[in-house]
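Let me begin by presenting the structure, written as structure tokens, before commenting on it.
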Amino acid sequence: DLHQGHILIQGKPHYHLYKHKIPRHAHPDLHPQSFDLWRYSSFFSRLSFSWPNGLVNIPTYEFFSSLDERLCSLCNSTHAFDALSCLAQCSNLVPALNLAYQVWHPQAQTVVKDWFRQADRDDKRKFVRTLLPTSLTNALNGIDGVSLSDILDQRKPLLPDLLKEQYQKLRDRPLPPNPAGKGPVNVYHTNMAPVVPPPKRFQPPNSIPDTF
């Protein structure tokens with residue numbers, strides 16, 4: 001039953017991380033409130049589930065699991081070409097990225113921007129997925145006059161509209177990067193699959209042999 005343990009993401013069932021089922025020890029680098037968007041969104045809000053989980057496919061971007069990094073012709077830096085990696089690392093999409101800062105408390109926005117500039121690739125991608133790396137929450141704990149819980153409580157109701165705006169800006173980018181070589185590819189035309197070619201399928205003979 002989909003309503004008792006699954007959600008639909010792009011037409012496929014995925015397990016829904018209900019509050020009492022989320023093992024905090026499985027995500028030691030994330031603040032527990034990273035999952036609030038999943039817990040409190042409508043069951044039918046597909047974007048609110050697929051975006052934090054990284055399952056975002058948008059035309060002109062590569063598949064969400066294609067995380068091999070190459071030189072981008074738009075920003076001249078090296079990054080993966082899926083939608084969320086481009087949002088996190090491609091300078092051509094800075095206007096879409098800047099929307100993510102606007103959902104934070106005014107006193108926290110400068111701290112968040114400074115943290116993002118120094119964050120590594122993985123933390124940047126978690127940030128655009130609306131997750132909360134502990135390095136970010138540690139920086140927010142140092143703000144005088146406003147608590148971390150107040151900062152996160154203000155941000156939470158603004159996230160669904162943020163995802164819609166960023167999704168639209170990602171779709172509307174004026175120009176995709178030039179195709180870049182992925183290096184040696186295999187029979188699947190990808191560098192993600194096994195290099196060994198698949199076994200040939202059995203082909204029945206065209207005619208029955210005279211002898212067995």
Side-chain angles (χ1 to χ4, degrees), residues 3 5 7-9 14-56 58 64 79 82-91 93-171:
H3 289 274
I7 56 173
L8 292 177
I9 299 176
H14 289 259
Y15 285 106
H16 177 25
L17 300 180
Y18 288 109
K19 182 175 182 179
H20 66 281
K21 292 184 178 181
I22 296 175
R24 294 188 179 184
H25 65 273
H27 306 279
D29 59 333
L30 295 177
H31 189 274
Q33 285 189 248
S34 294
F35 307 100
D36 283 354
L37 183 61
W38 300 355
R39 295 172 184 168
Y40 304 118
S41 296
S42 165
F43 177 84
F44 299 100
S45 181
R46 190 167 64 179
L47 191 60
S48 293
F49 291 114
S50 59
W51 196 283
N53 209 31
L55 306 175
V56 177
I58 300 177
F64 67 79
H79 58 75
D82 67 295
L84 293 180
S85 294
C86 288
L87 177 60
Q89 295 179 266
C90 186
S91 60
L93 292 171
V94 166
L97 175 63
N98 286 340
L99 295 174
Y101 302 131
Q102 298 175 13
V103 300
W104 291 90
H105 191 283
Q107 291 179 245
Q109 292 183 12
T110 301
V111 174
V112 173
K113 291 178 183 178
D114 291 342
W115 170 87
F116 188 85
R117 292 191 196 100
Q118 302 174 21
D120 60 25
R121 174 200 62 189
D122 293 339
D123 277 351
K124 286 181 178 179
R125 196 170 188 278
K126 291 171 185 173
F127 174 80
V128 300
R129 287 168 54 191
T130 71
L131 304 179
L132 299 167
T134 51
S135 58
L136 172 59
T137 55
N138 290 339
L140 294 173
N141 271 322
I143 300 177
D144 294 331
V146 58
S147 66
L148 177 61
S149 60
D150 290 340
I151 293 174
L152 298 183
D153 287 345
Q154 174 174 321
R155 169 181 174 265
K156 183 169 62 178
L158 303 177
L159 291 178
D161 288 338
L162 166 67
L163 301 190
K164 295 174 185 176
E165 293 179 38
Q166 287 188 319
Y167 180 85
Q168 193 60 48
K169 282 190 175 293
L170 289 174
R171 284 187 62 96

To the nearest 0.5 Å, how far apart are [atom1] in [X] and [atom2] in [Y]?
| X | Y | atom1 | atom2 | answer |
| --- | --- | --- | --- | --- |
| Asp153 | His105 | CG | NE2 | 11.0 Å |
| Lys126 | Arg121 | NZ | CZ | 10.5 Å |
| Leu131 | Asp122 | CG | CG | 12.0 Å |
| Leu97 | Gln89 | CG | CD | 11.0 Å |
| Asp120 | Ser135 | CG | OG | 7.5 Å |
| Ile151 | Gln107 | CD1 | CD | 8.0 Å |

Exercise for the section: Before giving the answer on salt bridge (Lys or Arg N to Asp or Glu O under 4.0 Å), spell out for Arg117 and Asp114 the whole-Å C-alpha distance, their side-chain angles and the decisive distance to 0.1 Å. Expected result: CA-CA 5 Å; Arg117 292 191 196 100; Asp114 291 342; 2.5 Å; yes
So, do [X] and [Y] sit near enough that their side-chain heavy atoms are less than 4.5 Å apart?
| X | Y | value |
| --- | --- | --- |
| Pro133 | Trp115 | yes |
| Val56 | Leu170 | no |
| Thr130 | Gln166 | no |
| Arg155 | Leu158 | no |
| Arg129 | Leu84 | yes |
| Thr137 | Leu148 | yes |
| Gln154 | Asp150 | no |
| Asp82 | Arg125 | yes |

Under the side chain to side chain contact (heavy atoms under 4.5 Å, CB included) criterion, do Leu152 and Leu132 qualify, and how do the steps go?
CA-CA 10 Å; Leu152 298 183; Leu132 299 167; 3.8 Å; yes
| message | For Trp104 and Phe127, take the angle between the two ring planes, folded into 0 to 90°, and tell me which bin it lands in: parallel under 30, tilted 30 to 60, perpendicular over 60. | response |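 Plane angle under 30°, so parallel.
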Q: For the pair Leu140 and Val112, evaluate side chain to side chain contact (heavy atoms under 4.5 Å, CB included) and give the outcome as yes or no after the intermediate values.
A: CA-CA 8 Å; Leu140 294 173; Val112 173; 3.9 Å; yes
Locate the shortest heavy-atom distance separating Val128 from Trp51; write the atom from each residue and the value.
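Answer, listing the atom of Val128 first, then Trp51: O-NE1, 2.8 Å.
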### Message
Testing the basics here: between Lys124 and Phe116, what is the closest heavy-atom pair and its distance to 0.1 Å?
### Response
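Taking Lys124 first and Phe116 second, the nearest heavy atoms are CE-O, 3.0 Å.
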